[in-house]
4 protein chains.
Amino acid sequence: MRSATDPGGPVAEKGTRQSRSNTRRRIQEVALELFAEQGYEKTSLREIAEALQVTKPAIYYHYQSKEEILESIFQGVGRPVAEAIEWARGQPRTLETKRELLRRYEAALNDTVPLFRFLRQNEATLRDLQVGKEFNDQMTEIGELITDPGTPLTEQLRCMGALLTLHFGTFALPHFEGDAEEKRTALLSIATEMMERAQTPRE
Amino acid sequence: MRSATDPGGPVAEKGTRQSRSNTRRRIQEVALELFAEQGYEKTSLREIAEALQVTKPAIYYHYQSKEEILESIFQGVGRPVAEAIEWARGQPRTLETKRELLRRYEAALNDTVPLFRFLRQNEATLRDLQVGKEFNDQMTEIGELITDPGTPLTEQLRCMGALLTLHFGTFALPHFEGDAEEKRTALLSIATEMMERAQTPRE
Amino acid sequence: MRSATDPGGPVAEKGTRQSRSNTRRRIQEVALELFAEQGYEKTSLREIAEALQVTKPAIYYHYQSKEEILESIFQGVGRPVAEAIEWARGQPRTLETKRELLRRYEAALNDTVPLFRFLRQNEATLRDLQVGKEFNDQMTEIGELITDPGTPLTEQLRCMGALLTLHFGTFALPHFEGDAEEKRTALLSIATEMMERAQTPRE
Amino acid sequence: MRSATDPGGPVAEKGTRQSRSNTRRRIQEVALELFAEQGYEKTSLREIAEALQVTKPAIYYHYQSKEEILESIFQGVGRPVAEAIEWARGQPRTLETKRELLRRYEAALNDTVPLFRFLRQNEATLRDLQVGKEFNDQMTEIGELITDPGTPLTEQLRCMGALLTLHFGTFALPHFEGDAEEKRTALLSIATEMMERAQTPRE
DNA sequence: GATGAATGAGCTTTCATTCAT
DNA sequence: AATGAATGAAAGCTCATTCAT
């Protein structure tokens, strides 16, 4: 049995002898799908098991609890955001770094819309789960990385607004007409522009 | 017993025959508090009843279901937003109307932060409840009211960004240092400014 | 709903308007019977519910947990032993007091053989339940009450032997032939005699 | 694979062809430890397997069921008591034989306190397992071996008391202060003395 | 000599809800 | 206006056990 901190069982085995079972990965996939569709609370292990055509204990063979499934999804699928943050931490705090951070965040977000939509829509539920805390920490950190220390309140809020626009806007994009790529680009440039305004306070 | 479409006990009864009991109102208050604190799913009727020092069936005397409690809260406490929307519908679509709509929305939001934070944090849960739909419709309508028809994509998104910034920013304000009123004003002006930019597309 | 420390719900109501339901008492009775027959762990709430012709949640209406059922049984049915101890505590530590304590303990034991047999046969299970601790404390206290402080080891052990003989012997009595009353009397006098020997250490 | 009636791996194999594996023995050791610590029901095969750093099926390779592990422990570790009984069966029923039987029983008990404490504390659980019956039979037989046929009731009970004192006293000894050997000797002599009293009924 | 994967049965507990009083 | 008592459904989880490899 693998632990939750093992960043994803089968994934790690790639390259060695073909992993004999892909159940772990299938659980992650199906669970994310159902969590995103119905919410975390309202998705029962029975449903997950049925969707996978296995029994509940089969799930418990791979994960120690329902929460652990969620954690493994977050740690697997949510990695790109964590990487973007790590990258930004190691860079000088220039405007270009910030722009690039937004760009990378937007990319990561788009690669895993379902996960992030899910995290957003289940805040109350995830609040006391580890995952919820980690997700919040990530958001907070990105906010700090694009805001210079000592910036006046208005400009701090503007940076926050840029991030909120980018983050929540991403989920709202499907409601707008137009080419998907074009919409993404437009949203990113709005957010970036907003963030830039905060860097050069008007006199 | 009142039905779910009765626009909401306390509010409606004011001024009519002295309300026969304040239990209905107390249920709303306590329920909102608990919903906001723990989430809708994770708050059981048992908890609500205990907090009120009554029994569960006492709650069922006043409401037909758990969902109806939520609906009555939304219809009672959430009225100001509905009113702001109604007002804007009856106005000419000038820039000033839009500014005023944002102002009113911001005010309504601030008067009932707990309700709106709750609505936000329980999206997945409320999705298939009536309340969730109504809440979403409200947001969509405000978005439309501040966006002129035929506006290019970028400016549509900018309007959305303004609304997102105002809405979600309100919940994030406590994380920032400074005087509460000052923070509100700053946030509103950022959102307004953003919305204004969308009205006069640069060439 | 009554708490576990309420010494027995319905019981207390006797004398007032006939208690409308005797379910609580019936649960205690049936549970003790099944616990004694099959052990605590091996008796499921389903079985108790079925024996009572009610559903599982009906049990949870009266008790907050399986353990609480046990506690209420112990506090209700096991009271006589607690009372014997309390009585002895308030008496001078004479030989007669000790004799009387054994007498009372024997009587209490005999009034509730099933409970005590059960407690004895489920020690490992009850060890980490409150009830198990209380039961052990009772035994220890009786042991101390019949042993004078400063008594030499041998005589301490003799007192313990007296108590063990009385306690465990009671459960073994059915294996012997003879009149029930006679057997009880004989056992008590053996234990008493043993305890007396310990009071006047031989030179 | 060995059957449950094979008198018990390690013991039997000594001196024969070097035991192919010590896993069987390790399972017995660890299982007894855990059984004694937590009780039979509350100890799962998962725990045993984890403590041994093997997988559950590895245990099933050596034993056909959880119960069989217990049986093998009883038959292995509990053998001395069985031997004491067998010895006494072959002796004339003199007082000296009885004294020696108690002596041997006490010694056997002390060599395996954990097993016997466990058997005692899990009576309810073991009742319908083979082991429980065998254990009870042993106790009964010792009782019979130290009681002459035709003895009056009081003296029968006295013999039983002697055995109970010796048996249960052994588990209680740690609660008393003093040198371990000394305590054992004292307890044995009390039990022996009690048994002797039964042989020469007072007129 | 052992493992990885899985299963059927069952557990305690909680929930929203109902109904006679 | 509210209570006592109860229910059907389901939840998350654990267990002893099996079997192909």
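Nothing here was measured: the structure is a model prediction, and the numbers come from that model. Proteins come first, then strands; the chains are lettered A, B, ... in the order of their sequence lines, and each starts at number 1.
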Dot-bracket assigned to DNA chain E with the 3.5 Å Watson-Crick/G-U criterion, [ ] for crossing and | for other-strand pairs, is .||||||||||||||||||||
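- Atom CG of B:Leu34 is separated from atom P of E:dC15 by 12 Å (rounded to the nearest Å).
- Taking every heavy atom of residues 37-52 of chain A and every atom of DNA chain F, pairs under 4.0 Å involve A:Thr43, A:Ser44, A:Leu45, A:Arg46, by number.
- Computed from coordinates, the D:Ile27 CD1 to F:dA16 P distance equals 14 Å when rounded to whole Å.
- Partners of D:Asp128 by side-chain hydrogen bond (donor to acceptor under 3.5 Å, both in side chains), not counting sequence neighbours, listed by chain and number: C:Lys42.
- Under the salt bridge (Lys or Arg N to Asp or Glu O under 4.0 Å) criterion, D:Lys66 pairs with no residue, sequence neighbours left out.
- Per the geometry, OH belonging to C:Tyr61 stands 16 Å off P belonging to E:dC15, to the nearest Å.
- B:Arg127 is linked by a side-chain hydrogen bond (donor to acceptor under 3.5 Å, both in side chains) to A:Gln121, counting only residues two or more places apart in sequence or in another chain.
- Toward the 5' end of DNA chain F, the nearer of the two residues B:Gln53 and D:Lys66, judged by each one's closest nucleotide, is B:Gln53.
- Legend: residues meeting salt bridge (Lys or Arg N to Asp or Glu O under 4.0 Å) with D:Glu123, ordered by chain and number and at least two apart, are C:Arg120.
- In this structure C:Val77 satisfies the side chain to side chain contact (heavy atoms under 4.5 Å, CB included) test together with C:Ile73, C:Thr112, C:Leu115, sequence neighbours excluded.
- Following rounding to the nearest Å, C:Asn22 (CG) and F:dA5 (C1') show an atom-to-atom distance of 12 Å.
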Worked check of side-chain contact (heavy atoms from CB on, under 4.5 Å) between D:Val131 and D:Leu119
CA-CA 9 Å; D:Val131 167; D:Leu119 289 170; 3.7 Å; yes
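- Nearest-nucleotide mapping onto DNA chain F: of A:Glu67 and C:Arg26, the residue sitting toward the 5' end is C:Arg26.
- Remark: C:Leu129 CG to C:Phe74 CZ distance equals 11.5 Å, nearest 0.5 Å.
- Per the geometry, CD1 belonging to A:Ile59 stands 15 Å off C1' belonging to E:dG8, to the nearest Å.
- Between the CD1 atom of D:Ile69 and the C1' atom of F:dT17 there is a distance of 12 Å, given to the nearest Å.
- To the nearest angstrom, P of F:dA2 lies 12 Å from OH of B:Tyr63.
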Could you pull out the protein-nucleic contacts involving nucleotides 18-21 of chain F (nitrogen or oxygen on both sides, under 3.5 Å)?
none

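- Partners of A:Glu33 according to the salt bridge (Lys or Arg N to Asp or Glu O under 4.0 Å) rule, which considers only residues two or more places apart in sequence or in another chain, do not exist here.
- In this structure D:Glu29 satisfies the salt bridge (Lys or Arg N to Asp or Glu O under 4.0 Å) test with no other residue, sequence neighbours excluded.
- Within the 4.0 Å cut-off from OP1 or OP2 of E:dT12, not a single side-chain nitrogen or oxygen of C:Ser65 is found.
- The phosphate of F:dA6 (OP1 or OP2) has a side-chain N or O of C:His62 nearer than 4.0 angstrom.
- A search for side-chain hydrogen bond (donor to acceptor under 3.5 Å, both in side chains) contacts involving D:Thr43 returns D:Gln38, not counting sequence neighbours.
- The ring-ring contact (aromatic ring centres under 6.0 Å, His included) test applied to D:Tyr40 returns D:Phe35, not counting sequence neighbours.
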